[in-house]
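All values derive from a computational prediction rather than experimental measurement. Along the sequence shown, residues carry numbers from 1.
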Amino acid sequence: MSLEKLVEAFAQNIAAQTDCILRGDARAGNKHAEKALAAFMALREKGDPGRDALAALFSHARMDVRVTAAAFLLRHKTAEATALLEDAARGQGLAALGAQQTLRNWQEGSWALDLA
């Protein structure tokens with residue numbers, strides 16, 4: 001699968017996961033989370049070009065997609081990802097909460113989303 005298709009799959013599944021969570025459908029949300037993670041793992045296997053492709057989502061229309069991409073790219077694009085997360089953390093809603101928790105974990109040294 002091309003880098004663009006993997007990035008698209010990641011974005012679509014993060015958006016779908018959030019929508020499921022907001023509807024109270026955790027089971028469906030978990031399925032989308034698994035698909036998003038699989039897309040990330042495939043991008044990660046491509047090395048820096050895969051991670052750089054995912055960084056295109058820093059300007060995605062949906063905050064949840066931007067925040068999740070930033071969370072997965074903290075180690076690779078630290079300054080950009082941190083700035084995005086700090087901005088999102090000042091907002092409200094699920095994406096803001098995710099950004100706050102990600103930053104907390106990063107600062108405490110317990111963050112490790114890109115490791116496997």
Sub-4.5 Å side-chain heavy-atom contact between [X] and [Y]:
X	Y	value
L57	R66	no
L74	L85	yes
L43	R51	no
C20	Q17	no
T68	F10	yes
L94	T18	yes

Inset, instruction - Taking W106 for its side chain and A71 for its backbone only, find out whether a donor-acceptor pair lies under 3.5 Å. - result: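 No: the side chain of W106 does not pair with the backbone of A71.
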Inset, instruction - For D87 and A83, indicate whether the former's side chain and the latter's backbone hold a donor-acceptor pair under 3.5 Å. - result: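 Checked: no pair found.
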Provide the closest heavy-atom pair for [X] versus [Y] in the form atom of the first, atom of the second, distance.
X	Y	answer
K77	A55	CE-CB, 3.8 Å
L3	A53	CB-CB, 4.1 Å
K46	L6	CE-CD1, 4.5 Å
A99	A89	CB-N, 3.7 Å
A88	M63	CB-SD, 3.5 Å

Inset, instruction - On the 0 to 90° scale, with breaks at 30° and 60°, tag the F72-F40 ring pair as parallel, tilted or perpendicular. - result: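 Tilted, since the angle between the ring planes falls between 30° and 60°.
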Inset, instruction - To the nearest 0.5 Å, tell me how far D64 CG sits from L97 CG. - result: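 So the CG of D64 and the CG of L97 are separated by 12.5 Å.
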Legend entry - CD on Q12 to CD on E8, rounded to 0.5 Å: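 CD of Q12 is found 4.5 Å from CD of E8.
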Legend entry - Salt-bridge contact R62-D19 (side-chain N to carboxylate O under 4.0 Å):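 Yes, charged N to carboxylate O under 4.0 Å.
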Legend entry - Hphob cluster co-occupancy, I21 + V65, side-chain heavy atoms under 4.5 angstrom: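 No: no chain of side-chain contacts under 4.5 Å links I21 to V65.
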Inset, instruction - Treating Ile, Leu, Val, Met, Phe, Trp and Tyr as nodes and any side-chain heavy-atom pair under 4.5 angstrom as an edge, say whether I14 and M41 lie in one connected cluster. - result: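 I14 clusters together with M41.
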Inset, instruction - Would you please say whether a donor-acceptor pair under 3.5 Å links the side chains of N30 and E34? - result: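 Result is no, nothing qualifies.
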Inset, instruction - Could you walk me through whether N105 and Q107 pass the side chain to side chain contact (heavy atoms under 4.5 Å, CB included) test, one step at a time? - result: CA-CA 5 Å; N105 290 338; Q107 292 161 353; over 6 Å; no
